[in-house]
Amino acid sequence: MAIGEFELIERYFKNRQQSRFDVVKTIGDDCALLAPACEQLIAVSTDTLVSGVHFFDDMPADALGYKALAANLSDLAAMGADPSWVSLALTLPEIDEPWLEGFSEGFFDAADYYGIELIGGDVTRGPLSITLTVQGQVPKGLQLTRDNARIGDWICVTGTLGDAALALESLYGRVDIADDDVDYLINRLYRPTPRLRAGQVLRKVASAAIDLSDGLASDLAHIARQSGCKAVIDIDSLPLSQAFKRNTTLDQATKLALTGGEDYELCFTVSPTALGSVESALAHTKTSFVCIGQMTSGEGIEFKKNNQVVEFDHRGFVHF
Ligand code: ADP
Ligand code: MG
């Protein structure tokens, strides 16, 4: 006989982690009770993943558990917040124990690694969907936002762009990836790395930041609009992995790097005088980054190649 809701929570979600010092009540009461530190802002973000819309039905459950949390943690990284607490609302078509086993394993892999505690949630019956609310803390006044980039600031990104989008293309059967590169690229799609340490050290030095979930072109456009400037991108300077380059033509590479979603890298702006501090702070966290352009007066986003403006369809991932 299938287990009930309470047994499900007991078996797969309760007592899976060491409790944080700032969690007064965790799973099991009507509410969790949390004790935020003094002089901190609470950063909160919610994301829903729906089966067949945001992930394939046959995505391995452990990858899904890992990725659902990692993607949410990336939002905390973009604000410069330290991860603290997460709640999980699960809608399940049925109670499938092997699936729950895998999902919870992947979820707690990420949760333990990044030091965030599962403090509650909900379980309902219906088409498979996962809603997470993460909460983090950032010292008052040091938060990173999208609206503070200034004319003359450099535009930078961490890591490499387009890997996850290329992996997704291969899952759709639209491109072939060399056998040797499959593991790396699929891992970039299934186990993204939220740039939490980078976000924390950028607190004092970056002027604005956003995490790349929908694609560089559409995400950076938010910084440009909210900061009231124009972003000018040098297409030749986009950071691309060797595996990505080996499996794309130049045109494909540019399109995927600019519009492909789910990189979960950080894009940030920094004043020319603070660039040196960014270099040492990010070197300290072993996060690679490059400058890909500059904020100028105007609005929107512009692409340049060999110093010439080029047109580009930069809709990125359109939600509706
Ligand atoms: P209530 O009916 O009062 O909302 P529930 O019966 O839904 O409480 O949940 C009981 C406890 O289990 C609560 O503390 C809730 O936060 C927790 N919980 C429910 N679902 C999950 C889940 N998927 N993961 C973690 N905790 C959960
Ligand atoms: Mg409930």
Side-chain angles (χ1 to χ4, degrees), residues 1-37 40-77 81-137 190-192 194 196 213 262 264:
M1 203 182 80
I3 57 169
E5 178 190 338
F6 295 109
E7 214 178 330
L8 183 160
I9 296 163
E10 288 279 335
R11 201 174 287 181
Y12 296 103
F13 297 107
K14 207 172 159 182
N15 297 325
R16 292 282 300 257
Q17 290 175 286
Q18 204 176 356
S19 199
R20 284 172 59 101
F21 71 97
D22 52 11
V23 176
V24 178
K25 264 280 173 220
T26 186
I27 298 169
D29 215 311
D30 289 309
C31 294
L33 294 172
L34 310 169
Q40 302 284 310
L41 297 175
I42 308 284
V44 188
S45 173
T46 297
D47 266 319
T48 295
L49 297 176
V50 178
S51 176
V53 179
H54 302 101
F55 59 92
F56 291 117
D57 304 342
D58 61 354
M59 180 167 175
D62 64 321
L64 185 58
Y66 192 97
K67 181 170 179 169
L69 183 52
N72 248 278
L73 287 168
S74 175
D75 287 317
L76 292 180
D82 294 315
S84 305
W85 317 295
V86 56
S87 48
L88 166 65
L90 262 184
T91 303
L92 303 170
E94 64 193 332
I95 293 179
D96 173 345
E97 292 210 64
W99 187 90
L100 281 160
E101 185 83 51
F103 179 85
S104 60
E105 204 177 291
F107 181 90
F108 287 112
D109 260 5
D112 289 340
Y113 187 81
Y114 293 106
I116 192 164
E117 183 174 336
L118 181 67
I119 46 86
D122 200 14
V123 181
T124 52
R125 195 176 285 268
L128 179 61
S129 109
I130 298 145
T131 297
L132 289 180
T133 298
V134 287
Q135 299 187 57
Q137 299 175 74
Y190 280 172
R191 296 209 163 215
L196 287 156
S213 51
E262 306 196 292
Y264 299 109

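Positions are given from 1, in the same order as the sequence printed here. Just so you know, ligand 1 is whichever comes first in the structure, and atom 1 is the first atom listed for that ligand.
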Among the heavy atoms of Phe6, does any lie under 4.0 Å from an atom of ligand 1?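 Yes, that is the case, since the closest heavy atom of the residue is under 4.0 Å from the ligand.
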Can you list the atoms of ligand 1 that are under 4.0 Å from a heavy atom of [X]?
X      : result
Asp29  : 13 (C), 14 (O)
Asp30  : 3 (O)
Val123 : 20 (N), 23 (N)

Heteroatom proximity flag, [X] to ligand 1, N/O under 3.5 Å:
X     : value
Phe13 : no
Thr26 : no
Gly28 : yes

Plane angle bin for Phe13 and Phe108 - parallel if under 30°, tilted between 30 and 60°, otherwise perpendicular: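 Taking Phe13 first and then Phe108, their aromatic rings sit tilted (interplane angle of 30° to 60°).
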Considering Val86, Ile27, Leu88, which one's heavy-atom position lies nearest to atom 22 (C) of ligand 1?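 Among Val86, Ile27, Leu88, the closest heavy atom to atom 22 (C) of ligand 1 comes from Leu88.
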How far does [atom1] of [X] sit from [atom2] of [Y], to the nearest 0.5 angstrom?
X     : Y      : atom1 : atom2 : answer
Leu92 : Leu128 : CG    : CG    : 6.5 Å
Leu49 : Asp47  : CG    : CG    : 6.5 Å
Ile42 : Gln137 : CD1   : CD    : 4.5 Å

Give the contacting part of [X] toward ligand 1: side chain, backbone, both or neither, where contact means a heavy-atom distance below 4.0 Å.
X      : answer
Asp122 : both
Leu118 : side chain
Glu5   : side chain

Check the pair Lys25 / Asp30 against salt bridge (Lys or Arg N to Asp or Glu O under 4.0 Å), numbers first and verdict last. CA-CA 10 Å; Lys25 264 280 173 220; Asp30 289 309; over 6 Å; no
Before giving the answer on side chain to side chain contact (heavy atoms under 4.5 Å, CB included), spell out for Leu76 and Tyr114 the whole-Å C-alpha distance, their side-chain angles and the decisive distance to 0.1 Å. CA-CA 11 Å; Leu76 292 180; Tyr114 293 106; over 6 Å; no
Surrounding CZ of Phe56 (heavy atoms of other residues, nucleotides or ligands, distance under 6.0 Å), is the total greater than 12?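 Yes.
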Tyr264: what forms a ring-ring contact (aromatic ring centres under 6.0 Å, His included) with it, not counting sequence neighbours?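 Checked Tyr264 against ring-ring contact (aromatic ring centres under 6.0 Å, His included); zero matches.
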